[in-house]
Structure formats: C-alpha cells, structure tokens
Amino acid sequence: MSETKNGNKNEDKKLKKVLESLSPNERRILPHLTLGKVTEICKRSNLDKVSVLRAIDYLSNKGIIKISRKTEKIVSLDTNGIFYRKKGLPERRLLDLLNEKRIISIDDAKKETNLLEDEFEASLGILKRKNFIEIKKGKIFLIANKEEIAKKTEEEIFLENLPLNYDSLSDEQTRVLKALQKRKKIVSIKEAKKVEIELTDFGKKVLMYNVKDKNLIEQITPEILKNSSWKGKNFRRYEVELPVPKIYGGKRHFVSQATDYARKIWTQMGFKEMKGDLIVSSFWNFDALFTPQDHSVREMQDTFFLNLEEEIEDKKLLEKVKESHEKGVDGGSGWKYLWKEEEAKKLILRTHTTCLSAQTLSKINKEDLPQKFFAIGKCFRNETLDWSHGFEFNQTEGIVVDRNANFRHLLGYLKEFFRKMGFEKIRFRPSYFPYTEPSVEIDVWVPEKKVWLELGGAGIFRPEVVIPLLGEKITVLAWGPGFDRMLMNYYNIKDLRELYKNNINQLRKIKFWLK
Amino acid sequence: MAIVTFNRDLFEKEIGKLDENLQNKIAMFGTPIEKIDEKEIHLEIFPNRPDLLSYYNFRRAFLSFLGKAKGLKKYKIKKPESNFEVIIDSSVKDVRPFTACAIVKNLDFDEEKIKDIIELQEKIHFTVGRKRKKVAIGIYPLEKIKLPITFKALEPDKIKFVPLDFDKEMSGLEILQRHPKGREFSELLAGKVKFPIFVDSAGEILSMPPIINSKKTGKITTETKDVFVECSGFDFDLLKSCLNILVSSLAEMGGQIYQMKLKYKKPEITPNFTPKKIKISLKNVNFLLGLNLNEKQIKILVEKMGHDYKKNFVEIAPWRIDILHEVDIIEDIAIAYGYENFVPEIPKIDGFGEEDKKESLKEKISNILVGLGFLEVCSFHLTRQNDQFGKMGIQKKFNDSLKVVSAKTEYSILRENLSHILLRILSENVDAEYPQKIFEIGKIFKIVKEKEGFFIKSERKKILEEESLCIALSPGNYTEIRRVLEYLFNSIDKKIEIKESEKAPNYFIEGRVAEIFFEGKSIGYMGEVHPKILENWKIRMPVAIAEININYVLESLL
C-alpha cells in the first residue's frame, strides 16, 4: 500500500518537474504530437523542421514521447518512368497507333511510333501476352476490342499510384513491379528515413494538464524584476545536464605564455634580461664568437643575409677580435687565417641569441661581477618549412660572468632551469660549438614518451671569445638551447608549423601553460 | 653535419657488443648515434673531429676512450726512399700553393676498406675541406706512377687527360664545362689563368686538383697494394694534419707509411707525426672543471683521449686539428672523466634578477587586450611579397622591400607592418566561429636612408626595428576598433589624439580611417578595411583594424 503511495508521489513529483521544464517550443508542439508525423507537426505548430526535431528530441529525453526511426523502402518513378507518365508507356503508344491503323507492318509501326529498338520489342511482347495483338507475316493485327483498349493497364495504374511503400505492396503490385524493374529506368526503390512519434503513458498524463505557459517564467527580464511579476509563478526548469554552446575567452598566445613563464624563472634565479635587435652584423653574431669567416654557417645557405652592411663602431674591439681569430689569445694558436673586416660588416638576421651575450659582455662593468643575464627570443636560419624545420625559432640564452664559476656550475644552472620547466631528468653530452669549450649538448627525459629530447647547446666561452670582449680571462658560462621543442612537447604538438600557424580554433581550445 | 656509417659486424667484433652500455659510451664520447640497425651503425661526427671520420680512426680513438689502449698511438714511419719526391713548381703559387704528400705500402684493400677510405676522403672534402676549397685529397695506385712527381700549374688548354668516369681525353677547360665533377666544383678554378696538376716523371697527368683524378692513374682497386696520397690547398698546417688523418687511417688498415720529400723552395718532409706540445696546468684544469684531480689522474684521462702526458705538457695526437688552446685539452679531460660523472652545483651568488622593462610593459598591454576577449597571435617576421604588397593593394618596387638573400621559401622579405599579417590570419580562419578578435605585438622593419659625409654626401641604407601593435576585429567597424584603442590608452593612463587624415594607407575605406597621434607624433592608423582588400584575402566578414607604433608609448611609460 505505502509503496504505491510512494510510487504515486514520485510520479507526481516527476510530472511537476517535467511540466516546469517544458520550453516554449516544446509546449507549442505538445498538442499536435498525436499527429505522429513531423511534417504535420511543423504545419500545425508553425515551427520550422529543425526546431520541431530538436523539441521532439528534448520531449523524448523527458520521457513524454517515444521516437521510432524507421527506414522505409519507397518505390518511385525513375527518369524514364517520369517521361512515360507524361507521354504514355511505349506499349500504349503502339496500341494507340494500332487503334488507328488496325493492321500495320512491323517496320512501319517502328517508324511511326518512333520508339527505340528495345522499347518497341518490349511493347510487342507485352501486347502479345495480353492477347491484344497477333503477328503474322511481318504484320501486326489488332485483336483487342474497344473496351480493352480504353481500359488502363495494370502497369499504368501502378505508375499512377507511385510513390508506394515497398513493404505494403500487394502480391499483384509486386508482380507488376518486378516486370517494370526489368525495363530501363521506369521505377526505382529508394530507402527513406521516417520518424514516428508516439506518446508514452507518461506523456498522455502530461497532455492532460494545462500546458499553457502563463504561469511559468522563461527568461528573467529586468521587466519581471521591476514589476515583481515573478511572484506566485514558477520558473521553467532547465535541462541542466545538457551540453551548451562553447564560449572562448581572450588569451595570450601559448608561446607567449611559456615565454613569460621562462622569463620569470630566470629572474627568480637572479638573471637580468637582455634585449636587442634581430638584425645584427656578422661581427656580433659570428666574429665576436670566434666563428671563423669561412665556417659554413656563414654561407647564404644557412643564414639570412640582407645585402646591407653596418660599420663596427668599436675599432679597438675589432682589432682584438681580428687578432684572436688570426693569432689566438692566451697562448693559443687561433684559426691562423687572414680575418677581413668586410665579412664582419655584413648584416644578417641573428642565428642565435648568443650575439646578445657577446654584446652584453662588451659593455659589462667588471667591478659589478659576478653577473647573470638571460634572453628569450626569435632567431633565424635559412631553412625550408616542414614538420621538423622552420626558418624562425625561439632560443633561451643565458650567461653567468663569474671569476669563480666552473663546469659543474654550468650543469647546475641548466639542471635547475629545466627542472622548473618540468623536466626532472637531464643528461649532458659532449658537443661542439666554435665559441665554447668544454661544450655541452642538453637532453631532457620525457617520461610519457620514454625518449630523450635534444634541446641544444651550452658551454664555457673560450678565451678567444672572452679576452677580446672582457679584456681578461674570466669564466663565462653560456647556454642557448632551443625553446620551441619544449613547447611542442608540453602542448603535444607534433608539427613545428603548428606553433605559428595561428589557427583560431586551435588557439581558442589549447590549454593554458600551467607550470 | 657529418654522419659516418660503420659496418656493425666489424664494429662488434673489433670494439664490442653494441648493447645499451656501449651505445651510451658512444654518446658520451661526443659522437651521438644517429641510427642503428642490424647491418650498420650511423654516428654523427662534430666538425672539430675530422680524425673520427673513418672507421679505422674512430676505432683507434674509441678503444683508447674505453681504456683498451693507452696514450698516443705510435706508427712506424719510414724515411723517404731516393725518388719519393714531389717537386712543387712555383707556378702553383697563385692557384693552389701547397701540397702535403705520402706513400703508404703493403695495403690489403678489400671493398669495405676502399669504401671507408673514399668516405673519409669525401667527408674531409665536405667538412674541414670546405667543399674542396681548403683541402682536396687524391689517392693513387703507386704501381701506375713513375716517381718523382711534379705539382705545377698549366694553361687549361694544355692540360689533356682522360678523367675518371670518362673514356675520352679532355682538356682542363672541357673538364670544367662537361665533367659532372668539373661542373660541381668549377667555381674553385674558374677565372684562373693556370690550373694545377700532379704529373709523374713520365709526363702522365695524375689529377687536376681540386676537381678530378685521371682514369688511368687515379683510381684504387682491391688489386692496389701501394698508394700515393696527396692533400692540396692553401694552409700547409691544415694539409699536413689532413694527410696525417688519411695515412694513419691507412696504417690502421695495415699499411706501411713512407715519408716523401717535398721540394718547395724550403724543402719539407711529410707526413710528420711528431706531436705538438701544449702546456697544461693542473690548476687550470681543476679550476675550470670544478674538480680536484691530481697529476696521475690527469695523465690517465689525457691518455684516454689518445694523447701523451709529459710533466705540465700534453703531446697532442698529430691527426687532431681542433686543439687551439689549453681549454681544448681541458674539454678532452672532461670527456674522458665522463660528463655523466660531474655533479651539478649552483654557486651562491648574490644579485637580483630583472626583466626588461619594455618586455614587461608589452606583457601588460597584451593582458589589457586579453581582458577585452582578444586572442594573441604570433607570426613570422619574414613574410611574402604578395601578402605584404599585392593583396594589400600596394604597388611597390621589389627593390625597396627588405629582402633576405637566397631564402629557401616564399617568406623572403621582412615585414613592414603587422596589418597584412593579421588579415592573412583572418583569411586563413574563415571557417572559425565569428566574431574573431586578434592582436599581435611584434617587431616591424623599416628602411631609412641616411645622408652621410660632410662634403661629399652619400646615401646609406639603414634598417630600423620598431615595436608595433596591431588589433583586428571581424566583424568590426570604426567605432568598435576605436573603442578598443581608447580603452587601452585609458587603461595605461595615456592620451591619444584622433585626426582625419589624407595620408592613410589606401587599404582603408576613405572617410572611415583616422590617424592616431601620441604626444604630438603620428603613431598609426585605425579604420575599416576596404572590401576590395577583403576580397583579395577572400574574407567575407567586415574587418576593422588598428596598427600603432608603440615605441614612443613604451618609452613614455618607462
């Protein structure tokens, strides 16, 4: 007893909830649901098909209706069929001719009816089978009477009744259909989707209530609040679990987010930011960094040249760099070649941020040592553009100018930076750069992919670099690993081109830099 | 980047099984593994170590690194026999002044060894040889040569021989024009009055360096037992080192090295395996590496890298070209010690970090725009000619744009504004939901012509890099973009003046564009983009755009 009572109570609660949750469109179509067909509902409710279908879906979710979606086979006229319905079937055209002539030779009949060979043959066969004609000695004789001629054939009746549902055809009709199917493009059978709606028992109960929306509030408007008309009314319930349209906010580009984060790490570690031009002379990009003038990186294939030159202002420094290349410093041998100022003057797009380090060293006040500097910025290489190459990339640069620094400190700074960037495991391998010795290649471990990610180089500036710039041999730890590969790893981007593609959908959806 | 390929079977037989441990050792030796499969192992060799570019030389160095050999490897070098001579004629002085030569006998070539030595030769050409410009190498079957040999230069039409891969006699000039190698390296001899040749005492031309050897005398086969080796170029020291790399590799294969007399004005004898000495101080090593090694330990580490240690000196392997300074030996010591064995440490140094002020301000401006729902975009500094000019309806002479030389893509000029780039981005995103609101802060480039000199004035082109801010709104109109800009300047507590302008770029609609002034200076324009421009970009949604030079603004905020 009490169970039924509870059951009723629950039912009532559900009914109330559902009644309150009906949207205006749902209410509009509710009275017309008994019609069962979507097209009819559209007509009666004066709503478009999309709105009706959507409302039907919601009603079905609420258990008011049951939707059955069926596919039906529909028999309809094919291209020739449409033509024949207008002009008459070939056999009708032949019969009309015979009605006029009574007897005619086959050849004449063919000409006069102007039928195609196969259509004419088929027509003769059909009329013979129906016992309307006889063929003797190349002539057709009409034997059907007037009544028979005037009466519509079963094929004609069938075609007039199209379209028909395949499953509801009578045996008779099926037989006619099969015969017609043997002929060219008269009929076709297509599948059509059909939505049928049926009220559930619960739905019938809903329908018994007055579903007029007077007492339900849709949008809360300032009006309603102003005149307190909400009082005594209910608020239409929403389907709170249903998906809603997406919203996208403004955002920094994900590369900028990561760059800003890295800038904060460096400053927390006590580094000062270096900034400079993207266009620099070869002097700062190469010569000051002890890169010999015939090094392949200084060719057009590798580096963007601009066909412009810049005078190197500091002639004293220029002489020191020249000497460092030609004869070496501090007991070293140098590259032993004739260094040319002309080569150094050539302007290029910087190939690394290390040129900033060279410029910084040339300006440093030695009384302020030790000092630490960093930079993050765009660099350029004359490359093609594909999934793993690009002509622009970001580098993160750092130098530590400290009379007491050593190789282990270099590894220490790098380990700490990459730990803060999210890489716990780091590996250092020997490498080679013209301006550092010892030189280091940095790999970080990506546990999810179980691979070492190669990030780029570091080292201690050679005396050939340091002495011309600083005037004495002071240890300068330096690094310039690439930045973009770390980002690709974090954002799970596999194609380098996607970093600067500016696909608005991607920018809207991509996660934030959450380190 | 030089990649060498070694036979895996041979490697495993002579050096060790390529398990994880050995693969790790190879990486830690400074020769990262590029690829490894059942048959071959591919290593990357850095440009400072051409002495590792052949299997036999790599084996020598790596066995020593593994501790299976010790110190500088000594080879028995025999003195030159009576006619082991190369006469260097003064005619080569202007075209290819130097050569270093040797003879190696009793070789037992098989296909593998020939492949190895040819690969070494090619790799040296390509790396230290700077595509044969600095170093060109020839290896010849000695049995086909009548010693002594002369190195001289002749007029190209007087040089006649059958080059490798051809059946017909050709002149020096014909080789440059028709032989594939001649065409590939023609610029190395083009314009020279005379071309260099090696010729034997029977008058047979052996080769025309740095281009091609003779078919008759310039190809080694598995039949060859004795070879003549020469390196020619411009830097005698470098040539001697390269010769040492080559002949020591042949000696590793089992050959016997013989010296040759080089008849320069001042005669020389090569090859010379006397090691160069470099001073090394225990203090410097430990100071730079942060270690506490004693002399004995340093001796062991130096020997692991194939050098010898004598009190305070290192005797450098004569095939090493990369030791310019003590630090190069210190790096060798670090490699021998093992990079993985260094304990990273951060020293305590005082000092405050500091962001660049302008960068911080740019970050703040970005955040203001983000607050208005704008997406930041990041684009390339290089752009396409047609994007910057054609599609923007700007007729501009190509010469006036900032072109980079020999770009490998269509992105071959530096951007002069961001507006065309934001339009390109909008045009590439017509399928994304509208409204689209984007901005970028970045560098743009301008050419300015400066007058120079006091009496004689000449013009000099200079490039200015400026920070630009561009904002685009689609759909958007003049009012909306102006509201954004005014909000931005209100937020940074600065004023702008907005004036009608005749000079505005004509990609705006006339009458719907305004010039923006900041502290009296014109800093840019804002307005509605003309439909003909939108049509060029296939954009079917109205666009309002503003672009301003923020250099002055940033300065005033500092």
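Here is the naming used below: chain letters follow the sequence lines, and residue numbers restart at 1 for every chain. The figures here come from the full heavy-atom set of this structure, side chains too, leaving out hydrogens, waters and symmetry mates.
Taking the six-membered ring for Trp and the full ring otherwise, F380(B) and F391(A) have centroids separated by under 6.0 Å. Taking the ring centroids of Y337(B) and F407(A), they lie at or beyond the 6.0 Å cut-off.
Remark: E383(A) pairs with no residue by the salt bridge (charged side-chain N to carboxylate O under 4.0 Å, His left out) rule, at least two apart or across chains. Among residues two or more places apart in sequence or in another chain, the side-chain contact (heavy atoms from CB on, under 4.5 Å) test is passed with P47(B) by Y432(A).
Between the CG atom of L410(A) and the CG atom of L289(B) there is a distance of 11.0 Å, given to the nearest 0.5 Å. Atom CD of E340(B) and atom CG of L411(A) lie 11.5 Å apart (nearest 0.5 Å).
Between K336(A) and D235(B) there is no salt bridge, since no side-chain N of the basic residue sits under 4.0 Å from a carboxylate O of the acidic one. A salt bridge between R462(A) and D328(B) is present, with a side-chain N of the basic residue lying under 4.0 Å from a carboxylate O of the acidic one. With respect to the salt-bridge test (charged N to carboxylate O, under 4.0 angstrom), the residues E299(A) and K131(B) qualify. A salt bridge between R130(B) and D294(A) is present, with a side-chain N of the basic residue lying under 4.0 Å from a carboxylate O of the acidic one. A salt bridge links R263(A) with E363(B); the closest basic N to acidic carboxylate O contact falls under 4.0 Å.
Looking at E437(A), its side chain never comes within 3.5 Å of a backbone N or O of E331(B) through a donor-acceptor pair. Side-chain atoms of R429(A) never come within 3.5 Å of backbone atoms of Y339(B) as a donor-acceptor pair (strictly under, hydrogens ignored). At least one donor-acceptor pair closer than 3.5 Å links the side chain of E465(B) to the backbone N or O of I279(A). Between the side chain of N502(A) and the backbone N or O of N429(B), no donor-acceptor pair lies under 3.5 Å. Between the K408(B) side chain and the Q301(A) main chain, a donor and an acceptor come within less than 3.5 Å of each other.
The contact between N24(B) and chain A is made entirely by side chain atoms (from C-beta outward), counting heavy-atom distances below 4.5 Å. For F287(B), the parts sitting under 4.5 Å from any heavy atom of chain A are the backbone and the side chain alike. Heavy atoms closer than 4.5 Å to chain A are found in the backbone of F29(B), but not in its side chain. For Y413(A), the parts lying under 4.5 angstrom from a heavy atom of chain B are both the backbone and the side chain. Contacts between I438(B) and chain A at a heavy-atom distance below 4.5 Å involve the side chain alone, from C-beta outward. With a 4.5 Å cut-off on non-hydrogen atoms, K437(B) does not touch chain A at all. Contacts of T31(B) with chain A are absent, with no heavy-atom separation under 4.5 Å from either backbone or side chain.
Across E392(A), K378(A), H253(A), a single residue satisfies side-chain contact (heavy atoms from CB on, under 4.5 Å) together with C378(B), and that is H253(A).
Of all the listed residues (R424(B), E440(B), K134(B)), the one sharing the greatest number of non-hydrogen pairs under 4.5 Å with chain A is K134(B). Chain B forms more heavy-atom pairs under 4.5 Å with one residue of K501(A), K264(A), K372(A) than with any other, namely K264(A). Between chain B and the residues V329(A), N382(A), T303(A), V255(A), the largest count of heavy-atom pairs under 4.5 Å involves N382(A). Heavy-atom pairs under 4.5 Å with chain B peak, among E454(A), E273(A), E416(A), Q371(A), at E273(A). Chain A forms more heavy-atom pairs under 4.5 Å with one residue of A27(B), G290(B), G351(B), P32(B) than with any other, namely G290(B). Of the listed residues (V343(B), I335(B), I330(B)), the one with the most heavy-atom contacts under 4.5 Å to chain A is V343(B).
K357(B) places none of its side-chain heavy atoms less than 4.5 Å from the side chain of K275(A). Counting heavy atoms from C-beta on, the side chains of V405(B) and N307(A) come closer than 4.5 Å.
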Q: Report the C-alpha separation of E376(B) and K251(A) in whole Å, then their side-chain angles, then the decisive distance to 0.1 Å, and conclude whether the salt bridge (Lys or Arg N to Asp or Glu O under 4.0 Å) test is met.
A: CA-CA 6 Å; E376(B) 186 191 23; K251(A) 227 194 247 186; over 6 Å; no
